[in-house]
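See structure below.
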Amino acid sequence: MGRTLKTVLTNFSSGELNPLLATRTDVPSYFQGAKSCKNFALLAEGGLMRRPGTTYLASLPAESRIIPFIFSDDEVAIIVLSNNRMDVYNTSGTALTSNYTTNCNWTTAQLFELNFAQKGDTIFVTHRDNPTRRIFRASSTSFTCDGFVFDENTAISNGGVNKSLQPFYKYADSGITITLSANTVGTGKTATASASTFTSNQVGDYIEINKKQGKITGYTSATVVTIHIIEDMGSTGPHTDWKEQSVSAKRGYPQAVTFHDNRLWLGGVKSRPASLFASQIGHYFDFDLGTGLDDEAIDTDISGNLVNEVRHLFSGKDLQVFTDGGEYYIPPSSDNTITPANVSIQRQTPYGISRTAPQMFDQATGFVQKNGKAVREFVYSDLEDGYKSTSVSILAQHLIDSPKEVAIMKGNTTRPEQYAFFLSNGTTHQGKLSVFHSVRDEKIAGWTQWFTRTGDSIQSIASLNENLIMIGKRSLNGSTVYTLEKFADDDSTTLDCQTTSTLNQRGTPLVDGGSQSGTVVVIDGLTSAPKVNEAFTIAGNATEYTIQSLVNNGSGEYSLTLDKTLAATPADNAVVTFTKGFLHTVNGIYTNESVNVVEGNSSIGTFTVSGSDTITLINSAKATGLKVGFNYTTTLETMPIDKELPEGPLTGLPRRISRAIVDLNSTLDMTIKAADSTSKALVIQQVNFSGGSDLVPVTAKKEFFFLGYDKSPTVTISQDDPLPIKILGMSVEVVFA
């Protein structure tokens, strides 16, 4: 006779664990984690719930990316960028402005390489190959996009050309000189370089010679251009002291952007990858260095033996600088300001960041390492008097697959949990979310994975305060459709891309003839036959009647036998309104697709949508407002039930999970299996249940028994129907020799 071991899995706060931890029973996370945790959300209390479903908001024109616009708690907008285009929606899916294509210079391939920073009504969008763009909210329903233009000094001007307040840099070799045909203010002057220097795309650029400015107005050759001199340059040269625009079509554009200490910071210009520029304080378009006063602009580079490309800037406790070769920060001076005189970029850790922008999460800056295989948190350590970059993904390394986008949720009106969402772009988990839940003060951290219907994927993810918005790439009616969707606040929405049905009226039914009475009424105007048990009302009479039988009189006319006598004689042509029926109209996005239908706490089943966007129910007639959408699979599989006994571990020994007691909360559907035993479903049925009433969620400890031996026995919980489930923990009995 075998021995019995009892063990309790009190929580699942460590989420899904790396398969390489299969025998690491010495790690505390082993008994708080799972072998698989798909489409579950980790709860602050340690349990799990079915992840929230999504509501369909709108269909998008093409592959897109979301940029959140957040002005205040109640003033937010969803900015959707696609190829050379911008669309704006509110969180209900209503378009706030017609599609905007002017000045939208990004391509589909660049969407997830764009960086952005918001200040008030303005968002700056950067890319190393494109001129910086400014998205501006002119009103609550009007957003525009135009180019970023450096300020000008109109006091220093000639012939309509003003001095530009932008950064300059000597890109050419120090020995290359420029000689002018004339040094005085005016147009049509020639600048000749001592070696090939100029390109045709510099026409319109500014040039600084002897610390004075001119503007290139014509291109002759690689050594000769025509310039408009704005300030007297002292002499015709040759000049060795000359500079080009730091930012230009020739030299590239900044890719990193943020606001910090009331300055606009830009970095990572393609030809100056280790560069940083900061505007004058409070003047975000003025990058003139002036005389180096504390409030004037800053131009600096990261020093070191390697050229590290600045990919991202993040304003936190300090200004954090993320490059492809390491992590840096700029400490403030004793008076907590960064000035041209004291700016100092300090190297901290050597990992490097991907092109995915970092985000603040749980008191640290989370970032994706350059290799795309690790997520780290950049956090200040008082003990080390500096920043460290600790891996937070080591226990779930298999879920980190080249994330291309990160979104942060800090809780909502129904739940306190904070989550970081990493949208995978690798070959293994492309279009899936690796979801990190963390409570630093409680030393809680765990990962799960979210994904949508098989064959579909998630294309973009963003949070707008308490709203989590995604773009889905879905195969619908034989075509690829991009959908804007909103995650629910809790698990009451259990379908993806969910909408609600409307009861199909089967044409324009009217009472046919006056003076009708009794339990039979004749109606016409029907385009399809009504069915027994469908219900309707008649204009001028609030009574609801249910069809008991019917006779087809032809030409859309039917004689209906009712469940009760007509309360009053209806008028001829009185409008008949169906209130319960088998035929429901659904959103046109589902044409010819298989959808799941939910009413209240009950799963109605799976139905195929007709070419005319209707579904036909089978068992009972339903009122309008059924939830329609796509199911998604949820799976929880425990780690192999193991234990270290005095005589040694159970690892590798044949053993059987004989019983599991699962602690459930507000649950309506669950299937459980252990080892190679037969799956067992939890049947939700109350003693007082009657036909037509809704199910009541179960909150109880439910007991299940199993057969079958295995060397690595686990318990697997899944769902057949799209209904809520919360698992708080379980106790397990294991029989072994």
What do the steps show when you test L96 against S140 for side chain to side chain contact (heavy atoms under 4.5 Å, CB included), and what is the final call?
CA-CA 8 Å; L96 296 181; S140 60; over 6 Å; no
Is a side-chain N or O of [X] found less than 3.5 angstrom from the main chain of [Y], in a donor-acceptor match?
| X | Y | value |
| --- | --- | --- |
| T448 | F40 | yes |
| T667 | K726 | yes |
| S393 | V375 | yes |
| S501 | L626 | yes |
| N412 | D489 | yes |
| R133 | N103 | yes |
| T494 | S492 | no |
| T356 | P403 | yes |
| T483 | E485 | no |
| N115 | T126 | no |

The test is side chain to side chain contact (heavy atoms under 4.5 Å, CB included); show your working for C497 and I589 and say whether it passes.
CA-CA 9 Å; C497 201; I589 61 172; 3.6 Å; yes
Give a yes or no on whether the ring-centroid distance for F421 and W450 is below 6.0 angstrom.
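Judged by ring-centre distance (under 6.0 Å), F421 and W450 do meet the cut-off.
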Are F630 and Y56 an aromatic pair, judged by ring center distance below 6.0 Å?
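No, they do not, as the ring centres are separated by 6.0 Å or more.
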Name all residues meeting the side-chain hydrogen bond (donor to acceptor under 3.5 Å, both in side chains) criterion together with [X]; count only those two or more places apart in sequence or in a different chain, and write none if there are none.
| X | answer |
| --- | --- |
| R65 | E405 |
| T349 | E327, S389 |
| T499 | Y590 |
| Q280 | none |

What pairs meet the salt bridge (Lys or Arg N to Asp or Glu O under 4.0 Å) rule with one or both residues in [range], with sequence neighbours excluded?
| range | answer |
| --- | --- |
| residues 429-450 | E377-R440 |
| residues 74-83 | E75-R137 |
| residues 47-58 | R51-D496 |

Do [X] and [Y] come within less than 4.5 Å of each other through their side chains, counting heavy atoms only?
| X | Y | value |
| --- | --- | --- |
| S279 | D286 | no |
| F367 | V406 | no |
| R415 | L43 | yes |
| L484 | I471 | yes |
| F422 | V368 | yes |
| P332 | D318 | yes |
| H260 | L313 | no |
| Q255 | R355 | yes |

Looking at residues at least two apart in the chain, or sitting in another chain, which of them share a side chain to side chain contact (heavy atoms under 4.5 Å, CB included) with S475?
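Result, side chain to side chain contact (heavy atoms under 4.5 Å, CB included) vs S475: D456.
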Which is it for E63 and T108 under the side chain to side chain donor-acceptor pair (under 3.5 Å) test, yes or no, and what are the steps along the way?
CA-CA 7 Å; E63 182 176 346; T108 300; 5.6 Å; no
Using the ring pair (Phe, Tyr, Trp, His ring centres under 6.0 Å) criterion, which residues pair with H437? Sequence neighbours excluded.
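Once residues adjacent in sequence are excluded, the partners of H437 under the ring pair (Phe, Tyr, Trp, His ring centres under 6.0 Å) criterion are Y419.
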Who are the ring pair (Phe, Tyr, Trp, His ring centres under 6.0 Å) partners of W265, not counting sequence neighbours?
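In terms of ring pair (Phe, Tyr, Trp, His ring centres under 6.0 Å), with neighbours along the sequence ignored, W265 is linked to no residue.
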Report the C-alpha separation of R453 and E593 in whole Å, then their side-chain angles, then the decisive distance to 0.1 Å, and conclude whether the salt bridge (Lys or Arg N to Asp or Glu O under 4.0 Å) test is met.
CA-CA 12 Å; R453 181 182 67 157; E593 293 293 319; 3.1 Å; yes
Please assess V257 against L264 for the test side chain to side chain contact (heavy atoms under 4.5 Å, CB included), listing each intermediate value before the final yes or no.
CA-CA 7 Å; V257 59; L264 174 64; 3.7 Å; yes
CA sep, side-chain torsions, deciding dist, call: S424, H429, side chain to side chain donor-acceptor pair (under 3.5 Å):
CA-CA 6 Å; S424 296; H429 299 302; over 6 Å; no
Return the minimal non-hydrogen interatomic distance between [X] and [Y], and the atom names on each side.
| X | Y | answer |
| --- | --- | --- |
| D87 | P61 | OD1-CG, 3.9 Å |
| V379 | Q363 | CG2-O, 3.8 Å |
| T91 | K486 | O-CD, 3.8 Å |
| P254 | V247 | CD-CG1, 3.8 Å |
| Y89 | S59 | OH-O, 4.1 Å |
| A488 | P52 | O-CB, 3.3 Å |

Got a sec: does the NZ of K317 have more than 12 other heavy atoms crowding it under 6.0 Å?
yes
Evaluate whether atom CD1 of I394 has more than 12 neighbouring non-hydrogen atoms of other residues, nucleotides or ligands under 6.0 angstrom away.
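Counting neighbours around CD1 of I394, 12 or fewer heavy atoms of other residues, nucleotides or ligands fall under 6.0 Å, so no.
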Test side-chain contact (heavy atoms from CB on, under 4.5 Å) applied to Q118 and I123, I135, I67, the passing residue
I123
Tell me yes or no: between the side chains of Q449 and K38, is some donor less than 3.5 Å from an acceptor?
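Yes.
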Might you work through the side chain to side chain donor-acceptor pair (under 3.5 Å) test for T337 and D261, ending with a clear yes or no?
CA-CA 7 Å; T337 60; D261 280 358; over 6 Å; no
Quick one: which residue pairs count as a ring pair (Phe, Tyr, Trp, His ring centres under 6.0 Å) with a foot in residues 375-395, not counting sequence neighbours?
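Counting only pairs at least two positions apart or across chains, the ring pair (Phe, Tyr, Trp, His ring centres under 6.0 Å) contacts touching residues 375-395 are F322-F378, Y329-Y387, F378-Y387, Y380-Y387.
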Indicate every side-chain donor-acceptor pair of residues 142-151 with a distance under 3.5 Å to a residue at least two apart or in another chain.
| unit_1 | atom_1 | unit_2 | atom_2 | d |
| --- | --- | --- | --- | --- |
| D146 | OD1 | R134 | NE | 3.1 |
| D146 | OD2 | R134 | NH2 | 2.8 |

Check step by step if side chain to side chain contact (heavy atoms under 4.5 Å, CB included) holds for L276 and L266.
CA-CA 6 Å; L276 286 180; L266 301 170; over 6 Å; no
Start with the C-alpha distance between D129 and Q110, add both sets of side-chain angles, then the distance that settles side chain to side chain donor-acceptor pair (under 3.5 Å), and finish with yes or no.
CA-CA 9 Å; D129 292 325; Q110 294 173 341; 4.6 Å; no
